[in-house]
S.K.: 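Please read through the structure below; I'll follow up with questions.
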Protein chains: 2
Amino acid sequence: MVTIESSIKVRLVKIGELAKLTGCSVQSIRHYEKEKLLATLRRSDGNFRLYDSATVDQLKFIKHCRSLDLSLAEIRQLIALNQQPGMGCEDVNRMVDSHIEQVALRINELQDLQDKLMALRNSCASQSTVKECGILQTLSVTQK
Amino acid sequence: MVTIESSIKVRLVKIGELAKLTGCSVQSIRHYEKEKLLATLRRSDGNFRLYDSATVDQLKFIKHCRSLDLSLAEIRQLIALNQQPGMGCEDVNRMVDSHIEQVALRINELQDLQDKLMALRNSCASQSTVKECGILQTLSVTQK
DNA sequence: CTAAACTCTATGGTAACTATAGAGTCAAGC
DNA sequence: GCTTGACTCTATAGTTACCATAGAGTTTAG
Ligand SMILES: [Zn+2]
Ligand SMILES: [Zn+2]
Ligand SMILES: [Zn+2]
Ligand SMILES: [Zn+2]
């Protein structure tokens, strides 16, 4: 923790404390900075990154978005949109809708995969040898 | 297509035809070779890779495994096992079981994610401004 | 004989980080 | 003042299974 002189005293934290406050790793934070999702406003004399409480909130926002599997590019867009308070939010809705669709597609793909894997698993009589293993035989046959 | 003299005549194909025969890309094939999943038995005088029909089958096996989302490392294991015909196939079963489990886990994760995304989507009254967008507000609030 | 089509190796890129290495900074205790 | 440990810095390599490209050489059909 560092306090600096200015018209108002501000509590600044170093990257390790920011990581603890948000549950992000130190490397992620530096990564987000490189990707322009998070700015480092200030550096200490020894070149350490210093953050204020607004940055803590921004990073929590990013983390929340990541927990929903939004990409860094999408989060960057949301941040930019957030800075245009007067605009309509259709782009936000579209992004979420498209995300929901992607996830639904992926779930279907995985469900198909699951069915195939179960069928494959059933092709082996449990106590078998490699030579007679139904799984390996099935895998050797060209599908469809 | 190339035919060579030997005790038996063998039909050999170059990488482009192997790709067509199996539906794999040329780069994938070279990648599998680098990863030791597929050997190139022969080269032409001009250093082109030449493959026989056994290799076509091996590549089809690999492709079948990949369509089930087995990793290259796992496929490498299966190939090694295949060369021990007398051994029991428990390892094969274990691999498939563990795969099924992973996929089930991932499906559950995605289902949770889907629920969260739907809830998020519902927090926006469609014709809103960025400033009042329920989605952006929700994302700004620390979760849990 | 030449041009198109093919192949070769090597390299860089993808996504969102994690994990090092090697060097510098800072805080506390003696 | 000095040392020690904890922290931070930048830069780089690795993860996965490829795809894309560059620049060069090979093959084949006309
Ligand atoms: Zn998305
Ligand atoms: Zn079996
Ligand atoms: Zn697996
Ligand atoms: Zn909205």
Side-chain angles (χ1 to χ4, degrees), chain A residues 1-4 12-38 40-51 55 59 61-79 99 102-103 106 109 113, chain B residues 1-4 12-38 40-51 55 59 61-79 99 102-103 106 109 113:
Chain A
M1 201 252 284
V2 177
T3 49
I4 59 154
L12 297 175
V13 297
K14 288 186 287 187
I15 199 168
E17 193 168 347
L18 178 61
K20 265 181 210 147
L21 287 171
T22 58
C24 296
S25 76
V26 167
Q27 291 105 316
S28 299
I29 297 171
R30 289 198 276 241
H31 184 62
Y32 295 154
E33 178 181 331
K34 193 179 303 177
E35 294 293 323
K36 316 268 184 207
L37 296 182
L38 203 62
T40 297
L41 299 172
R42 237 185 275 262
R43 296 277 188 139
S44 73
D45 291 344
N47 202 33
F48 285 11
R49 290 169 178 85
L50 298 176
Y51 300 101
T55 310
L59 184 50
F61 175 87
I62 294 172
K63 206 197 172 194
H64 196 167
C65 291
R66 286 296 298 141
S67 79
L68 297 171
D69 218 32
L70 295 170
S71 69
L72 299 193
E74 287 167 327
I75 298 171
R76 204 182 290 118
Q77 270 186 60
L78 287 179
I79 291 171
H99 223 74
Q102 299 302 313
V103 173
R106 187 64 187 141
E109 282 174 13
L113 182 58
Chain B
M1 204 250 283
V2 177
T3 48
I4 61 155
L12 297 176
V13 297
K14 289 186 288 187
I15 198 167
E17 192 168 348
L18 178 60
K20 265 180 208 148
L21 287 171
T22 57
C24 295
S25 76
V26 168
Q27 290 106 316
S28 298
I29 297 171
R30 289 198 278 241
H31 183 63
Y32 296 154
E33 179 181 332
K34 193 179 303 176
E35 295 293 323
K36 318 267 185 207
L37 296 183
L38 203 62
T40 296
L41 299 172
R42 238 184 275 261
R43 295 277 187 140
S44 73
D45 292 344
N47 201 34
F48 286 11
R49 290 170 178 85
L50 299 176
Y51 300 101
T55 310
L59 184 50
F61 175 86
I62 294 173
K63 205 195 174 197
H64 196 167
C65 291
R66 286 295 300 140
S67 79
L68 297 172
D69 217 34
L70 294 170
S71 69
L72 299 193
E74 287 167 327
I75 299 171
R76 203 182 292 119
Q77 270 188 61
L78 287 179
I79 291 170
H99 225 72
Q102 299 300 314
V103 173
R106 187 65 187 141
E109 282 175 13
L113 182 58

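Since we're looking at a predicted model, the values are computed, not measured. What's counted below: heavy atoms across the whole structure, side chains too, no hydrogens, waters or symmetry copies. All chains are named by letter (A, B, ...) in the order of the sequence lines, taking the proteins before the strands, and each is independently numbered beginning at 1.
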S.K.: Report the distance from atom CZ of B:Arg43 to atom P of D:dT26, rounded to the nearest whole Å.
M.R.: 13 Å
S.K.: Decide yes or no for B:Tyr51 and B:Leu21: does some side-chain heavy atom of the first lie under 4.5 Å from some side-chain heavy atom of the second?
M.R.: no
S.K.: Side-chain contact test, heavy atoms from C-beta onward, threshold under 4.5 Å: evaluate it for A:Lys14 versus A:Leu50 and give yes or no.
M.R.: yes
S.K.: How many Å lie between CG on B:Asn47 and C1' on C:dT9, as a whole number?
M.R.: 9 Å
S.K.: Let me know the distance between CG of A:Leu50 and C1' of D:dT8, rounded to the nearest Å.
M.R.: 11 Å
S.K.: Would you kindly give the CG-to-C1' distance between B:Leu68 and D:dA17, to the nearest whole Å?
M.R.: 16 Å
S.K.: How many angstroms lie between atom CG of A:Leu78 and atom CZ of A:Phe61, to the nearest 0.5 angstrom?
M.R.: 5.0 Å
S.K.: Contact between A:Ile15 and A:Phe48 at the side-chain level, heavy atoms closer than 4.5 Å - yes or no?
M.R.: no
S.K.: Tell me which nucleotide among C:dC8, D:dT8, C:dA16 gets nearest to the side chain of A:Arg66.
M.R.: C:dA16
S.K.: Quick one: are B:Leu68 and A:Leu113 in side-chain contact, heavy atoms under 4.5 Å?
M.R.: yes
S.K.: Of all the nucleotides listed (D:dC9, C:dT9, C:dT7), which has the minimum atom distance to the side chain of A:Arg49?
M.R.: D:dC9
S.K.: Take the protein atom CG of B:Leu18 and the nucleotide atom P of C:dC8, then report the distance between them rounded to whole Å.
M.R.: 11 Å
S.K.: Between C:dC17 atom P and A:Lys63 atom NZ, what is the distance in whole Å?
M.R.: 11 Å
S.K.: Separation of A:Phe48 atom CZ from D:dT8 atom P, in whole Å?
M.R.: 7 Å
S.K.: Report yes if the side chains of B:Ile29 and B:Arg49 come closer than 4.5 Å at any heavy-atom pair, otherwise no.
M.R.: no
S.K.: Give the residues of residues 20-36 of chain A touching DNA chain D, defined as any heavy atom closer than 4.0 Å, sorted by residue number.
M.R.: A:Arg30
S.K.: Between B:Arg106 and B:Glu109, does at least one N-O distance fall below 4.0 Å, as a salt bridge requires?
M.R.: yes
S.K.: Expressed in angstrom and rounded to an integer, what is the separation of A:Tyr51 atom OH from D:dC7 atom C1'?
M.R.: 14 Å
S.K.: Measure across A:Ala19 and A:Cys24 and return the closest heavy-atom pair with its distance rounded to 0.1 Å.
M.R.: CB-O, 3.1 Å
S.K.: With sequence neighbours left out, what residues match A:Arg76 under salt bridge (charged side-chain N to carboxylate O under 4.0 Å, His left out)?
M.R.: A:Glu35
S.K.: What parts of residues 69-76 of chain A reach DNA chain C, counting only heavy atoms under 4.0 Å away?
M.R.: A:Ser71, A:Leu72
